[in-house]
Amino acid sequence: MPKNFDFKEAEQRLYKQWEDGGWFKPEVASPDAEPFVISMPPPNITGSLHAGHAMFCSLEDVMVRYERMRGKAALWVPGTDHASIATQLILERKLKEEGLSRRDIGREKFLERAWAWKAESGGRITEQIRRLGSSCDWSRERFTMDEGLSEAVLDVFVTLHRQGLVYRGPRLVNWSPGLQTAVSDVEVERTEEVGKLYFFRYPVEGGEYIPVATTRPETILGDTAVCVHPEDPRYQHLIGKTAYVPLLNRPIPVIADEYVDREFGTGALKITPAHDFNDWTLGQAHKLAIVNIMNKDATLNENAGAYAGLDRFEARKRVWADMDAAGLTIEVKDHPMIVPRAQRGGEVIEPLLSEQWFVRMQPLAEKAMAAVRDGRIKFVPERFEKVFFHWMENIEDWCISRQLWWGHRIPAWHHPSGEIRVGKAAPEGEGWTADEDVLDTWFSSGLWPFSTLGWPSPTADLGRYYPTHIMETGYDILFFWVARMIMFGLWLTDEAPFHTVYLHGLVRDKSGRKMSKTYGNVIDPVDLMDKYGADPLRFTLLTSSTPGNDINLDESRIESDWKFVNKLWQITNFVTSGLPDDFAPALPPASRLDLPSRWVLSALNKLTANAQRLFDNHQYGEAGRQVRAFLWDEFADWYIEASKYALYGEDAQAKADTQQVLFHVLETCVRLLHPFMPFVTEEIWAYLPARNGLLIVAQWPTSDAAYLDDKAEAEMDVLRELIRGVRNLRLEYTVEPGKKVNAAVAAGSYRESIAAHGFLFSRLCNVAEVTLVEAAPDESASVTVGDVVLYLPLAGLIDYRAEVERLEKEQAALAPRIAKSESMLGNEGFVSRAKPEVVQREREALAEMQASFRKNAERVDELKAKIR
RNA sequence: GGGCGCUUAGCUCAGCUGGUCAGAGCGCACGGUUCACAUCCGUGAGGUCAGGGGUUCGAGCCCCUUAGCGCCCA
């Protein structure tokens, strides 16, 4: 095999091999295999790959590849979203560059451009998703505006309308003046900003004034009442009197309502039902007049009198100036306030009275909550259930119409008579015109898990692959998307669309800041893949995250995982290079194997069992970390080094057995790592002998209890500690690294083991010969592990005083640990209530520490005697 | 105002069911050209697991509370 893994060449080739070979299709499993299905959160066609995409692709691919290896009919359905607002924003920006607006070119031409743009750039994101190694079934790729999905969307609208759940009406909605469309509650972001609070006098009949404060003086022109608390002595006598709207002199009532907070501001409120959500509610309760003063472009209309035609912010200045001139102003204060801004575009949202389509959410939410309550749907991590319930319990009707062109056109028809009919086709008769509006993007993505499988047609895919299994996505779209899928799924298909919602966190920069173009801290996953390959990026994203928590992406970790890829490659090179041409994998029984082999196989099988448990609990990151640690710190650093004795030795059987073990461990780890690092593992797989087929469909490893061996692990631990001790001594006494030394061991209870494994010392710490002794040789330094004392004779190098000091330091560290252990074991509560194996383990640990302490103490005495 | 998360080595983060869980990577110090790998190997320094209280035989891990940071909802 080549000296290094050339990811640039291999990634493309392997992905093509997988995709062209149809290995991403669920049909590669046996026909009766249990299905496992994930719907990919469809990226916007406007987008290019960002860290969030890389995150979900990595996670979902781990899930899918794992289940595929377990023999399931694994299906990951990919697709893209038309992203109504985001796409339209981009297209309008492009038009603007040409000096045009969408109205200049008209709806038809605009949509042509939109489709052209989709054709041109919709493929870019899917190419980038491929680069990550995502094993999704592209033959089932969908787009939210595909014919089938569009039909589904219209059907749902019609159905919900028939069920009385879709209605139309004038309501106060969140209006985006720049985009000229309504948006839903979840599309409004509330930002804390320092604004101004304007205090002024509201004239009341009889020459009195009520002081009132507002953050938006222009809305004064639309006031239809002044409201005070019914028990407020300051204003009680004015209740029921008539106030006059400043500048317009329009008479309005002074009303009373307990809603007013007497402590806040002046304790009196101006009420503008047409331009404020709270005021709207209050206005409904008091049957107040509704005066709309604003046009859809946020200029004021004829109801604003002299201010008609002015932009809202310009009007604000003028109104205030004129009121000041009229002597009605009191003061202006800086005021921290919550400003509603559009999620797309960021402009200030205006509450505006408008005719829109809504979905009545209450009935849908009930079903959704029931499904989560009774466990048909679970959240990982669980805490998001609380967030989900809180939102569901307070759910508002969903404004689904958008005054945009790019999207699913609402299947409603308007007649000059004012009649409105809902249906996919135009009603019979003359004069019907189609509704101008399109649906909220999230209306179609809410159907995604089933619409992508053919619903509402009873397709084979729908039957076999729905409901899906895990919905994996970012917690930031819990309300936008996940909640809607759950509601729609239950309502329309009578099934929970998935049984598990796995939510990942946001990917931030290394210091925890949100990535943004303005900060210039955006980490482009494509750059990282160019530099390190897809595997290290995936592995880093997967292993540095835990469910639901944000991750701060540090490039140094990707670099480190790039090194891990190389390490794996080099391990493979070592393991395979020595294998005979006719090598046939056949792991010998544990009874025939040497100690290092029994140890490493025991550790391997524990690892496999752990990985299984962790995958079962969606702890993918921890599983990946453990495999990496085992492979590098145990297998490469210890077993491989130890194996060289047998490999280069005379004993043919031992050599063959060792090769079997090396191969088995590597091969198992490659399987375990495949979901995390698909490219390098698949490439390695091709270099392993006697393999049939591709790793992508190889079997996921299971733990074999026959190879679990606590005794071997304990023995190896002692040997490893002794070896570490020797390495340490050699450095402390600056023994030349190349120089061979001898060791004498008072082997205590490990006599046989040490006698038999002198070769390990030779290989791992350059000790030529290990002899068993009873007493300490002259001029030697020692290392103690339990009742084993290893002496390193270092003639001429030993400073007895320094050696005593070193040992006493060790004793000082040991003493408190012994004391703690003794007190634990002396504690009746611990001995009687802790699990027996825990007590047993503690006893053994204490015995070992005590032995070490005793041996060290003896040694110190000996040395002290020599000093005198 | 309600809710949630985070606070563990200089930095970025793990720590699953409470009992070798005090860890990793990077960084740092020191030492290494022997036949898998310098994209490497070895050794080491460094943390009263934010503060306080509690439950428990035993607590980074559970409960309460305080503080700081962040997020969501209103």
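The structure presented is a predicted model; accordingly, all values stated were derived computationally and were not measured. Throughout, a chain's letter reflects where its sequence line sits, starting with A, and its residues are numbered from 1.
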Pairing partner of B:C21 (Watson-Crick or G-U wobble, both distances under 3.5 Å): none
Whole-angstrom distance between B:G46 and B:C28, as gauged at atom C1': 9 Å
Between B:A74 and B:C63 - P atom distance, rounded Å: 27 Å
Nucleotide forming a Watson-Crick or wobble pair with B:G60, both distances under 3.5 Å: none
C1' atoms of B:G18 and B:C62, separation to the nearest Å: 8 Å
Spacing between A:Y639 atom OH and B:A36 atom C1', to the nearest angstrom: 15 Å
Of the listed nucleotides B:C4, B:G19, B:U12, the one nearest the side chain of A:K835: B:G19
A:D717 vs A:Q570, nearer the 5' end of RNA chain B by closest nucleotide: A:D717
Nucleotide of B:A14, B:G19, B:C37 approaching A:T546 most closely (side-chain heavy atoms): B:A14
Atom-pair distance (CD on A:E393; P on B:A74), nearest Å: 14 Å
Distance in angstrom units between A:F480 CZ and B:C72 C1', rounded: 12 Å
Integer-rounded Å distance: B:C71 P and A:E192 CD: 10 Å
Verdict with supporting geometry, A:F7 and A:F679, ring-ring contact (aromatic ring centres under 6.0 Å, His included): CA-CA 8 Å; A:F7 67 83; A:F679 291 114; 9.5 Å; no
Between A:S556 and A:E559, a side-chain donor and acceptor under 3.5 Å: no
Sugar-phosphate, base or nothing in reach of A:A845, heavy atoms under 4.0 Å: nothing
B:U43 to B:U7 separation - C1' atoms, rounded to the nearest Å: 32 Å
Nearest-Å distance once atom P is located in both B:G58 and B:G42: 40 Å
Geometric cation-pi criterion A:R727 and A:W638, 6.0 Å radius, 45° cone: yes
B:G25 and B:C71, which share atom name P, separated by this distance in whole Å: 32 Å
A:E9, CD atom: more than 12 neighbouring heavy atoms under 6.0 Å: yes
Proximal nucleotide (of B:G15, B:G5, B:G70) relative to the A:R383 side chain: B:G5
Distance, P atom - from B:G27 to B:C4, rounded to whole angstrom: 40 Å
For B:C69, the Watson-Crick or wobble counterpart (both distances under 3.5 Å): B:G5
cation_pi(A:R484, A:W398) dist<6.0 Å, angle<=45: yes
Residue matched to B:C30 through Watson-Crick or wobble contacts both under 3.5 angstrom: B:G42
Between B:G53 and B:G15 - P atom distance, rounded Å: 27 Å
Distance, rounded to the nearest Å, where A:E641 contributes CD and B:C35 contributes P: 11 Å
Row check, A:Y645 ring normal vs A:R763 NZ/CZ: under 6.0 Å, within 45°: no
Residue-phosphate contact under 4.0 Å: A:Y475 side-chain N/O, B:G70 OP1/OP2: no
Whole-Å gap separating P (B:U17) and CZ (A:R613): 9 Å
Between B:C26 (P) and A:Y532 (OH): distance, integer Å: 12 Å
For nucleotides 38-48 of chain B, which of its nitrogen or oxygen atoms have a protein nitrogen or oxygen under 3.5 Å away, and what is each distance?
unit_1	atom_1	unit_2	atom_2	d
B:U39	O2'	A:N566	ND2	2.6
B:C40	O3'	A:K567	NZ	3.3
B:C41	OP1	A:K567	NZ	2.8
B:C41	OP1	A:W632	NE1	2.6
B:G42	OP1	A:D637	OD2	3.3
B:G42	O3'	A:R727	NH1	3.2
B:U43	OP1	A:R727	NH1	3.3
B:G44	OP1	A:N728	ND2	3.4

Presence of A:K386 side-chain N/O under 4.0 Å of B:C4 phosphate oxygens OP1/OP2: yes
Sugar-phosphate, base or nothing in reach of A:I551, heavy atoms under 4.0 Å: nothing
Aromatic ring pairing A:F379/A:F388, orientation class (parallel under 30°, perpendicular over 60°, tilted between): tilted
Syn or anti for B:G60 (syn when the glycosidic angle lies within 90° of 0): syn
Sugar-phosphate, base or nothing in reach of A:R730, heavy atoms under 4.0 Å: nothing
Sugar-phosphate, base or nothing in reach of A:F384, heavy atoms under 4.0 Å: nothing
Over 12 foreign heavy atoms within 6.0 Å of NZ, A:K711: no
Closest to side chain of A:R841, choosing from B:U20, B:G25, B:A14: B:U20
Earlier contact from the 5' end, RNA chain B, for A:V831 and A:S556: A:S556
Residue A:D554, side-chain heavy atoms: nucleotide from B:C26, B:C16, B:U12 that is nearest: B:U12
Name of the residue among A:F480, A:Y502, A:F384, A:W481 meeting ring pair (Phe, Tyr, Trp, His ring centres under 6.0 Å) with A:Y475: A:F384
Sugar-phosphate only, base, or nothing, as touched by A:S577 at under 4.0 Å among non-hydrogen atoms: nothing
Euclidean distance, atom CD of residue A:E382 to atom P of B:G5 [Å, nearest integer]: 12 Å
For the student: nearest non-hydrogen atoms of A:P689 and A:F663, plus distance: CD-CE1, 3.5 Å
